[in-house]
Amino acid sequence: MIDRRDASLSLSFLTVSFVSLLIGAIAGLLQTFVRSGAFELPFSIGYYQLLTAHGVLLALIFTTFFILGFLYAGISKTMGTLYDVPRRTGWLGFVMMTFGTILATVFILLNKATVLYTFYAPLQASPWFYVALVHVVVGSWLCAFSMWNQYYIWKSRTKNKLSPLFSYMAVMTMTLWFVATLGLAATVLLQFIPWSIGWVEKIDILISRTLFWYFGHPLVYFWLLPAYMCWYVVIPKIIGGKIFSDALARLSFVLFLLFSIPVGFHHQLLEPGIAHTWKFFQVVLTFMVIVPSLMTAFSMFAVFETAGRKKGTKGLFTWIKVLPWGDVRFFAPMMGMLIFIPAGAGGIINASHQLNQVIHNTLWVTGHFHLTVASTVALTFFGIGYWLIPHLTGRTLTSRMNKLGIVQTILWTVGMTIMSGAMHAVGLFGAPRRTSYTTYTGHPQAIDWIPYQIAMAIGGTILFLAIILLMYIVWFLAFKAPIGITEFPIGEVEEGALSTPAVLENWKLWVGISGALILIAYTIPFWHMIQHAPPGSPGYKFW
Amino acid sequence: MHIHKYEKIWLWAGAACLTLFLLIVGVSAFAMGDQPPSHMETIDPEKVVVTAPFDKPGLTRVGEKQYEAVMLAQAFTYTPSKMSVPKGSTVHFKVTSTDVVHGFEIPATNVNMMVTPGYVSKISYTFKKPGKYLILCNEYCGAGHQVMAVTLEVTA
């Protein structure tokens with residue numbers, strides 16, 4: 001059991017996270033209904049208003065709050081109780097972020113910020129929406145500073161050469177987040193806020209889009225890395241195995257820091273104003289990020305096989321049978337891992353220089369990130385929640401809740417397969433994403449898309465049932481489960497593994513290389529955007 | 001650093017696949033000219049309708065089975081709204097926005113690009129089959145985004 005004060009910090013983050021998940025899921029369910037053509041929204045609620053709420057609350061709020069709650073708990077577990085300054089800074093971050101979240105949600109629900117979670121200029125939301133985003137980001141920076149501070153104090157007090165793997169990964173995740181969010185902060189503070197208040201008349205659209213996507217791609221690795229932390233550190237313990245290699249786990253996190261940020265152009269492959277050679281260069285760098293994912297895949301299956309073999313299995317694949325399939329702490333993240341195989345393949349397609357032309361801004365993309373963030377990451381987070389919540393509240397994960405968790409995981413996997421499968425298919429036929437119900441005045445092509453959109457609504461309904469079940473389990477584990485002890489599983493490293501090179505903890509080196517790569521990938525095209533900029537755009541409110 | 005033999009094989013095989021993918025993408029881009037639309041021409045987004053050629057949007061025949069379509073994307077339609085070319089024609093689309101960011105997509109073809117205010121977007125396509133081709137906006141541009149579409153007729 002970790003320190004009570006640390007547990008309440010962690011639980012506070014998890015609470016906001018799950019509340020956001022519920023509201024965002026309701027918005028998601030309604031959207032799939034509207035899009036199928038079977039349903040119209042009452043009280044003049046707009047489809048795009050719901051879409052904004054869904055995107056902001058799930059992609060930005062649910063994920064970030066869950067991650068911070070998980071990282072704080074794991075840091076307290078592996079480096080010991082938080083020191084006073086890091087804990088206080090963490091609370092300050094929490095308060096700022098929660099204030100920002102409430103402010104943003106209110107303005108979205110008032111229909112003052114129907115700009116979707118990408119808020120592309122020159123659509124102009126209320127200045128309060130951008131102010132709210134600044135609070136969320138700056139609050140999360142305070143959390144990053146607080147975790148780095150804890151790590152620094154721990155290192156200097158314990159004189160330990162090597163930090164615990166979980167804490168190392170937490171520090172790396174927050175470093176990636178900080179470097180990436182600099183781009184978001186720059187566009188919001190220097191461009192959106194002065195322009196939406198009216199201090200300046202015009203905004204440079206290409207620069208704002210480029211700064212957004214400088215942040216927008218590493219954002220997906222910010223979601224993924226905590227899931228990898230669960231896979232690398234937690235899962236080996238749950239299945240009765242050992243961590244394959246501490247050094248390789250750290251190396252894969254270093255590679256994510258280096259290669260996830262200088263790749264934003266692959267989201268801008270189809271827009272004017274960026275030379276195609278620079279686009280291609282960032283496509284190459286994007287493919288580099290696949291290497292640490294391949295390392296992770298190898299490590300995980302190596303852990304599964306060695307754990308299975310220790311239980312005495314002999315055949316080529318019989319070790320699969322002895323994995324703890326009935327344990328939701330393993331089953332939910334494992335489903336996430338399996339889904340990551342097609343999800344990752346889809347990502348390679350999206351980032352390819354020409355294939356992007358076929359799927360750009362179609363429902364295929366929506367299908368893709370519902371497999372990555374809404375399945376791989378979300379299922380792993382659910383799997384973490386099932387033991388982390390009772391661990392923090394001093395209760396037990398009962399066998400009935402474990403069974404319900406398995407049912408929840410199956411519902412989620414089935415619902416997502418139907419919804420995301422339909423999205424991928426209809427996206428290939430050209431159905432656009434982020435679009436309300438339409439047949440384009442009865443065009444035969446658009447009419448052919450409707451059955452797939454009905455399938456999306458069916459999948460969405462199953463997913464919503466899974467969310468309701470999740471909410472029940474989480475509520476029960478937090479308030480009703482019997483008092484007792486639930487373990488925070490932290491794996492140990494395989495005995496034969498070699499020691500970890502000290503260079504992996506040389507932060508100046510890795511942040512320096514990361515900065516150099518960013519400068520190489522962005523300086524010249526960015527300079528060009530400034531030198532050859534068209535006159536800016538005034539704001540528009542088309543909703 | 002020690003890396004397990006099987007992991008080395010796995011990583012080399014993976015890296016070889018990625019290199020092969022990138023080679024295919026690179027050869028297609030640089031040797032065969034299959035580049036994504038990356039036109040660099042700029043325009044004042046508030047003066048589009050008085051700037052040539054966008055002051056007279058429309059379809060012009062520029063050669064044997066060659067057409068230039070000068071188009072405006074604006075919330076929530078495209079101008080011109082009706083175009084017709086004979087089968088086998090190549091249409092060179094030249095599009096810009098008068099207001100927000102729009103998309104420009106013809107489903108079931110490779111025509112797909114972003115239309116950013118302040119920039120001119122260009123793409124060409126040869127229409128081999130007759131029919132009414134849907135041109136739609138695939139980037140959220142406001143409350144009427146879902147109606148933003150026009151058709152291009154390819155006659156037999």
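To find a chain, count down the sequence lines: A is the first, B the second, and so on, and within it residues start at 1.
- Atom CD of A:Glu40 sits in a sparse spot, with 12 or fewer heavy atoms from other residues, nucleotides or ligands closer than 6.0 Å.
- Interface remark: A:His276 contributes backbone and side-chain atoms alike to the contact with chain B (heavy atom separation under 4.5 Å).
- In this structure, A:Thr277 and B:Phe30 have side chains that are in contact, with non-hydrogen atoms separated by less than 4.5 Å.
- With chain A as the partner, the residue from B:Gly103, B:Ser28, B:Ala75 showing the most heavy-atom pairs under 4.5 Å is B:Ser28.
- Counting heavy-atom neighbours within 6.0 Å of B:Glu153 CD, excluding the residue itself, gives a total above 12.
- Residue B:Phe104 does not touch chain A at all, counting heavy-atom pairs closer than 4.5 Å.
- The line from NE2 of A:His532 to OG1 of B:Thr42 is 9.0 Å long, rounded to the nearest 0.5 Å.
- Considering CH2 of B:Trp10 and CE of A:Met295, their distance stands at 12.5 Å, rounded to 0.5 Å.
- When all heavy atoms are compared, the tightest approach of A:Pro432 to B:Cys137 is CB-O, 4.4 Å.
- Summarising the geometry, atom CG belonging to B:Leu18 is positioned 7.5 Å from atom CE belonging to A:Met288; distances are rounded to the nearest 0.5 Å.
- Note: A:Leu123 leads A:Leu123, A:Leu51, A:Val358 in heavy-atom pairs under 4.5 Å with chain B.
- Most heavy-atom pairs under 4.5 Å with chain B: of the set A:Val115, A:Val291, A:Leu269, A:Leu116, this distinction falls to A:Leu116.
- Distance CG/A:Leu294 to CH2/B:Trp12: 13.5 Å, rounded to 0.5 Å.
- Residue A:Thr439: no heavy atom, backbone or side chain, is found under 4.5 Å from chain B.
- At most 12 non-hydrogen atoms from other residues, nucleotides or ligands lie less than 6.0 angstrom from NZ of A:Lys112.
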Step by step, work out the side chain to side chain contact (heavy atoms under 4.5 Å, CB included) result for B:Thr151 and A:Tyr440.
CA-CA 10 Å; B:Thr151 51; A:Tyr440 293 109; over 6 Å; no
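- With a 4.5 angstrom heavy-atom cutoff, A:Phe280 touches chain B only via side-chain atoms.
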Show your working on side chain to side chain contact (heavy atoms under 4.5 Å, CB included) between B:Leu22 and A:Val283 and close with a plain yes or no.
CA-CA 8 Å; B:Leu22 281 172; A:Val283 165; 4.1 Å; yes
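- Only the backbone of B:Thr98 comes within less than 4.5 Å of a heavy atom of chain A; no side-chain atom from C-beta onward does.
- A:Lys541 does not touch chain B: none of its heavy atoms, backbone or side chain, sits under 4.5 Å away.
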Which side-chain N or O atoms in residues 109-127 of chain B pair as donor and acceptor under 3.5 Å with protein atoms at least two apart or in another chain?
residue: B:Thr109; atom: OG1; partner: B:Ile106; partner atom: O; Å: 2.6
residue: B:Thr109; atom: OG1; partner: B:Val111; partner atom: N; Å: 3.0
residue: B:Asn112; atom: OD1; partner: B:Asn138; partner atom: ND2; Å: 3.1
residue: B:Asn112; atom: ND2; partner: A:Gln357; partner atom: O; Å: 3.0
residue: B:Asn112; atom: ND2; partner: A:His360; partner atom: O; Å: 3.0
residue: B:Ser121; atom: OG; partner: B:Met114; partner atom: O; Å: 2.8
residue: B:Ser124; atom: OG; partner: B:His92; partner atom: ND1; Å: 2.6
residue: B:Thr126; atom: OG1; partner: B:Thr90; partner atom: OG1; Å: 2.9

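- Both the backbone and the side chain of B:Leu134 come within contact range of chain A, with heavy atoms under 4.5 Å apart.
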Check the pair B:Gln146 / A:Thr435 against side chain to side chain donor-acceptor pair (under 3.5 Å), numbers first and verdict last.
CA-CA 5 Å; B:Gln146 69 279 0; A:Thr435 300; over 6 Å; no
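- Residue with the most contacts toward chain A among B:Ile43, B:Asp44, B:Ile24, B:Val147: B:Asp44 (heavy-atom pairs, distance under 4.5 Å).
- The contact between B:Glu7 and chain A is made by backbone and side chain atoms together, counting heavy-atom distances below 4.5 Å.
- Using a 4.5 Å cut-off between heavy atoms, B:Glu139 contacts chain A through both its backbone and its side chain.
- No side-chain donor-acceptor contact under 3.5 Å links B:His145 and A:Ser436.
- Heavy-atom distances place no part of A:Ser245 under 4.5 Å from chain B, backbone and side chain included.
- In this structure, CH2 on A:Trp543 lies 12.5 Å from SG on B:Cys141, to the nearest 0.5 angstrom.
- For A:Tyr120 and B:Tyr140, the gap between ring centers reaches or exceeds 6.0 Å.
- Under the 4.5 Å side-chain criterion, counting only non-hydrogen atoms from C-beta, A:Pro272 is not in contact with B:Thr96.
- With values rounded to the nearest 0.5 angstrom, A:Ile274 atom CD1 is found 14.5 Å from B:His39 atom NE2.
- Across A:Lys279, A:Glu271, A:Gln268, a single residue satisfies side chain to side chain donor-acceptor pair (under 3.5 Å) together with B:Ser38, and that is A:Lys279.
- Between B:His4 and A:Phe244, the two ring planes are tilted [angle within 30° to 60°].
- A:Gln354 places a side-chain N or O within donor-acceptor distance of the main-chain N or O of B:Asp34, the cut-off being under 3.5 Å.
- You'll find the side chain of B:Leu136 stays beyond 4.5 Å of the side chain of A:His443, heavy atoms only.
- Looking at A:Ala302, neither its backbone nor its side chain comes within 4.5 Å of chain B, counting heavy atoms on both sides.
- Counting heavy-atom pairs closer than 4.5 Å to chain A, the top-ranked of the candidates B:Gly14, B:Ala149, B:Pro37, B:Ala15 is B:Pro37.
- Interface remark: A:Leu355 contributes no atoms to any contact with chain B (heavy atom separation under 4.5 Å).
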